[in-house]
Amino acid sequence: MSKIHVSYNQIHTMIQETVDSMHLNDDFQPDIMVAIGGGGFIPARILRTFLKKRNNKNISIQAIGLSLYEDLEIWKAAHKDDETPIAAEPEVIKTQWLNFDSSETSLIGRNILIVDEVDDTRRTLAYAVRELTKDLELESQKLRAQGKEVPETKIGIFVLHNKLKEKREELPKEIMDSRYFACKQMPDQWLVYPWDALDIEDHTEKSKANTY
């Protein structure tokens, strides 16, 4: 599989162009981001530069940690010559999550934008949406028990790249219809991001070969 090197400048530009072309500030209007570590951290910070402030404040960035991708690559290498079923692949697990009990900022009634680097098999993104939805429902139940009105909460997805391949899981229809934002649609190729580079100058030079 061929490698595509992506530079910081290219990422910065594609994020800016996507915010404009997909009208994030006018349509979805995110007021909080949830970055999936570690690939979502830097894109989320760059993205915040182009998102409109809410109440004269920068968009808050919350962090979650999910483990799958590295473990999946190791698993694939170990089982490349056998017929181990897909069901035996590593599961997504939480390594860091939002602490609703101590958070001063409720996510209820917010437009939440989950940010990651790539939509590959979609397992990580689907897991994040599913688990976040469960937590939001628990918070909503607490508010209802107190006789309070529960405002609508919306979840969206922002990725740098969506690989055009068969996905292992699906995202809710309401997200895919109007709250899914991918900077680039691309074939199933090996992406090398600048935060993984040992030699950033060499990496940046290789990124100039990008034609997609």
Side-chain angles (χ1 to χ4, degrees), residues 15 18-19 22-25 27-48 51 54 59-72 86-87 89-101 103 105-144 150-186 188 191:
I15 290 175
T18 301
V19 170
M22 295 192 171
H23 311 290
L24 259 74
N25 284 311
D27 295 339
F28 184 60
Q29 299 182 5
D31 53 17
I32 189 168
M33 284 185 280
V34 175
I36 299 178
F41 293 160
I42 295 176
R45 178 56 190 89
I46 296 173
L47 177 57
R48 187 170 74 172
L51 295 178
R54 304 297 172 192
I59 305 299
S60 172
I61 301 175
Q62 303 291 321
I64 60 174
L66 300 176
S67 176
L68 169 68
Y69 199 77
E70 294 84 356
D71 293 340
L72 184 56
I86 291 174
E89 288 184 2
E91 295 296 323
V92 182
I93 60 172
K94 299 176 185 176
T95 58
Q96 177 180 333
W97 198 251
L98 305 171
N99 188 342
F100 285 87
D101 293 333
S103 175
T105 305
S106 173
L107 297 183
I108 299 295
R110 311 288 293 274
N111 292 339
I112 306 166
L113 190 60
I114 298 174
V115 182
D116 205 1
E117 57 191 352
V118 60
D119 183 353
D120 191 342
T121 65
R122 197 163 280 173
R123 291 182 67 197
T124 300
L125 289 169
Y127 181 90
V129 170
R130 188 163 56 247
E131 293 300 305
L132 185 57
T133 300
K134 290 179 184 177
D135 289 340
L136 289 167
E137 180 55 32
L138 289 175
E139 291 300 302
S140 297
Q141 290 175 7
K142 292 178 182 178
L143 291 176
R144 295 189 191 100
V150 180
E152 183 184 12
T153 303
K154 297 179 181 179
I155 298 176
I157 297 289
F158 188 101
V159 293
L160 299 179
H161 298 95
N162 175 39
K163 292 187 178 182
L164 301 174
K165 58 187 286 187
E166 182 179 356
K167 305 295 187 182
R168 297 287 174 81
E169 295 199 42
E170 297 297 327
L171 292 168
K173 185 177 185 298
E174 62 269 21
I175 290 180
M176 295 305 300
D177 283 350
S178 60
R179 306 178 206 154
Y180 181 87
F181 310 99
C183 297
K184 298 287 185 180
Q185 307 283 347
M186 59 171 298
D188 186 13
L191 288 161

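As a basis for the values below, the full set of heavy atoms in this structure was taken, side chains included, without hydrogen atoms, waters or symmetry mates. Remember, it's a predicted structure, so these values are computed and weren't measured experimentally.
- To the nearest 0.5 Å, the span separating CD1 on I175 from CG on L125 amounts to 9.0 Å.
- When all heavy atoms of P43 and L160 are compared, the closest pair comes out as CG-CD1, 3.8 Å.
- Looking at heavy atoms from C-beta onward, E117 lies out of side-chain contact with H161 at the 4.5 angstrom threshold.
- Annotation: side chain of K165 is in contact with side chain of D120 (closest heavy-atom distance under 4.5 Å).
- At least one side-chain heavy atom of L136 sits under 4.5 Å from a side-chain heavy atom of I112.
- Contact record, L98 with A63: CD2-O, 4.0 Å, taken as the closest heavy-atom pair.
- Put simply, the side chain of K94 never gets that close to the backbone of G65: no donor and acceptor are under 3.5 Å apart.
- Of all heavy-atom pairs spanning A182 and M22, the tightest one is O-CE, 3.6 Å.
- Inter-residue side-chain proximity for W97 and L66 is flagged as met; some heavy-atom pair is nearer than 4.5 Å.
- Between the side chain of D116 and the backbone N or O of V159, no donor-acceptor pair lies under 3.5 Å.
- Taking 4.5 Å as the limit, every side-chain heavy atom of E174 sits out of range of all side-chain heavy atoms of K154.
- Atom OG of residue S60 and atom CZ of residue R110 lie 7.0 Å apart, to the nearest 0.5 angstrom.
- Between P151 and G109, the closest heavy-atom pair is CG-CA, 3.7 Å.
- Proximity of M33 to L51: side-chain heavy atoms (C-beta onward) are separated by under 4.5 Å at one or more points.
- Interatomic distance, L113 CG to I59 CD1, rounded to the nearest 0.5 Å: 9.5 Å.
- Between the OG atom of S140 and the CD1 atom of I108 there is a distance of 3.5 Å, given to the nearest 0.5 Å.
- The distance from atom CE of M186 to atom CG of D119, rounded to the nearest 0.5 Å, is 12.0 Å.
- The shortest side-chain heavy-atom distance between R122 and N162 falls under the 4.5 Å cut-off.
- F158 contributes atom CZ, which lies 13.5 Å from atom CD1 of I114 (distance to the nearest 0.5 angstrom).
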Margin query: I'd like to know whether I157 forms a side chain to side chain contact (heavy atoms under 4.5 Å, CB included) with L171, so could you lay out the CA-CA distance, the side-chain angles of the two residues, the decisive distance to 0.1 Å, and finally the verdict.
Written below: CA-CA 10 Å; I157 297 289; L171 292 168; 4.2 Å; yes
Margin query: Using the rule given for side chain to side chain contact (heavy atoms under 4.5 Å, CB included), can you reason through L47 versus I61, listing the C-alpha separation, both sets of side-chain angles and the distance that settles it, and then say yes or no?
Written below: CA-CA 10 Å; L47 177 57; I61 301 175; over 6 Å; no
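- Scanning both residues, V150 and R144, for their nearest heavy atoms gives CG2-CG, 3.7 Å.
- For the pair K163 and L191, the minimum side-chain heavy-atom distance is below 4.5 Å.
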Next item on the list: Report the C-alpha separation of L107 and L132 in whole Å, then their side-chain angles, then the decisive distance to 0.1 Å, and conclude whether the side chain to side chain contact (heavy atoms under 4.5 Å, CB included) test is met.
Entry: CA-CA 10 Å; L107 297 183; L132 185 57; 4.0 Å; yes
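- The pair E137-K134 does not count as a salt bridge, with every side-chain nitrogen at least 4.0 angstrom from each carboxylate oxygen.
- F28 and G156 get closest at one heavy-atom pair: CZ-N, 3.5 Å.
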